[in-house]
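Reading through the structure tokens given below for one structure.
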Amino acid sequence: MTQVTNQHLSISAALESSEISSSVMACMLKTENYVNSCGIEHALLELIRYRVSLINGCAYCIDMHFKEALAAGETAQRMASLSIWREAPYYTDKERVVLNWAEAITDLPHAGVTHDEARLLQATTALSGYFSSKEISELTLAVIQINAWNRLAKTFDFGVGSFEVSS
């Protein structure tokens, strides 16, 4: 079951001084609340969020999700090794297919006008061994959501290092 945190409150605090409209913020938080409560395991969700943030170079989100994951019981070793998850022995097969999926979706803009359809097909096939179509849709939304947060955080300067895990 998903552990719902007060993460959205911390995000709201970071955005209070930004120029993001309240309508955009409401939309982002509605989606965030759905992602947090749809059934994706919290530990897996934090791995997705941290890995995508590493790819996008979002310092605020890297800091936030590293802290969130540690507070939820993740090990520092697994978090520190997430950028080399393919070589590291301590990720499950299920985590590996999800990380591959998150990378494939996040890397779409880097693949040029014609994205790598074979990579997406392989990643989708691997996911279907662990997840239903509904769950794959929810995982996809989770990846899309953290990509959106990364872009907002980088655009509106959320204040790197300012995130504190809520109790």
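Position 1 is the first residue of the sequence, and the numbers go up from there. Because the structure is predicted, anything quoted here is derived from the model rather than measured.
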Grab the two heavy atoms, one from I55 and one from E103, that are nearest each other, plus how far apart they are.
CD1-CG, 3.6 Å
Quick check: do I146 and H65 have side-chain heavy atoms less than 4.5 Å from each other?
yes
Got Q145 and E32 here, is their nearest side-chain heavy-atom distance under 4.5 Å?
yes
According to side-chain hydrogen bond (donor to acceptor under 3.5 Å, both in side chains), who are the partners of T140, at least two apart in sequence or on a separate chain?
W101
Short side-chain donor-acceptor distance under 3.5 Å, E95 and W85:
no
For V35 and A142, the nearest pair of non-hydrogen atoms, with its separation, is CG1-CB, 3.8 Å
Test side chain to side chain contact (heavy atoms under 4.5 Å, CB included) applied to T75 - qualifying residues, sequence neighbours left out:
Q77, R78
May I ask you to decide if I84's main-chain N or O and S81's side chain share a donor-acceptor pair within less than 3.5 Å?
no
Contact summary for E135 and Y130, nearest pair of heavy atoms
OE1-O, 4.2 Å
Could you pull out all residues at least two apart from K94 that satisfy side-chain hydrogen bond (donor to acceptor under 3.5 Å, both in side chains)?
E41
Partners meeting side-chain hydrogen bond (donor to acceptor under 3.5 Å, both in side chains) with E138 (sequence neighbours left out):
Y34, K134
Short side-chain to backbone donor-acceptor contact, D63 and A59, under 3.5 Å:
no
Any L47 side-chain heavy atom under 4.5 Å of E74 side chain
yes
List for me each residue that meets side-chain hydrogen bond (donor to acceptor under 3.5 Å, both in side chains) alongside S83, sequence neighbours excluded, and say none if there are none.
none
Donor-acceptor contact below 3.5 Å, side chain N100 vs main chain R96:
no
Hits for ring-ring contact (aromatic ring centres under 6.0 Å, His included) against Y91, two or more places apart or cross-chain, chain-then-number order -> none
To the nearest 0.5 Å, how far apart are CG in N56 and CZ in R51?
9.5 Å
Between R86 and L99, is there a side-chain heavy-atom distance shorter than 4.5 Å?
no
Does the side chain of V98 come within less than 4.5 Å of F131's, by heavy atoms?
yes
In this structure, CG of L152 is separated from CD1 of I20 (nearest 0.5 Å) by 4.5 Å
As an exercise, state the distance from CD of E46 to OG of S53, rounded to the nearest 0.5 Å.
9.0 Å
ILVMFWY network linking I40 to I144, side-chain heavy atoms under 4.5 angstrom
no
In Å, rounded to the nearest 0.5 Å, how long is the span from SG of C38 to CG of N33?
11.5 Å
Decide yes or no for K67 and L70: does some side-chain heavy atom of the first lie under 4.5 Å from some side-chain heavy atom of the second?
no
Does any N or O in the side chain of K154 come within less than 3.5 Å of the main-chain N or O of G57, such that one atom is a donor and the other an acceptor?
yes
Can a donor-acceptor pair be found between the side chains of N147 and R151 at a distance below 3.5 Å?
yes
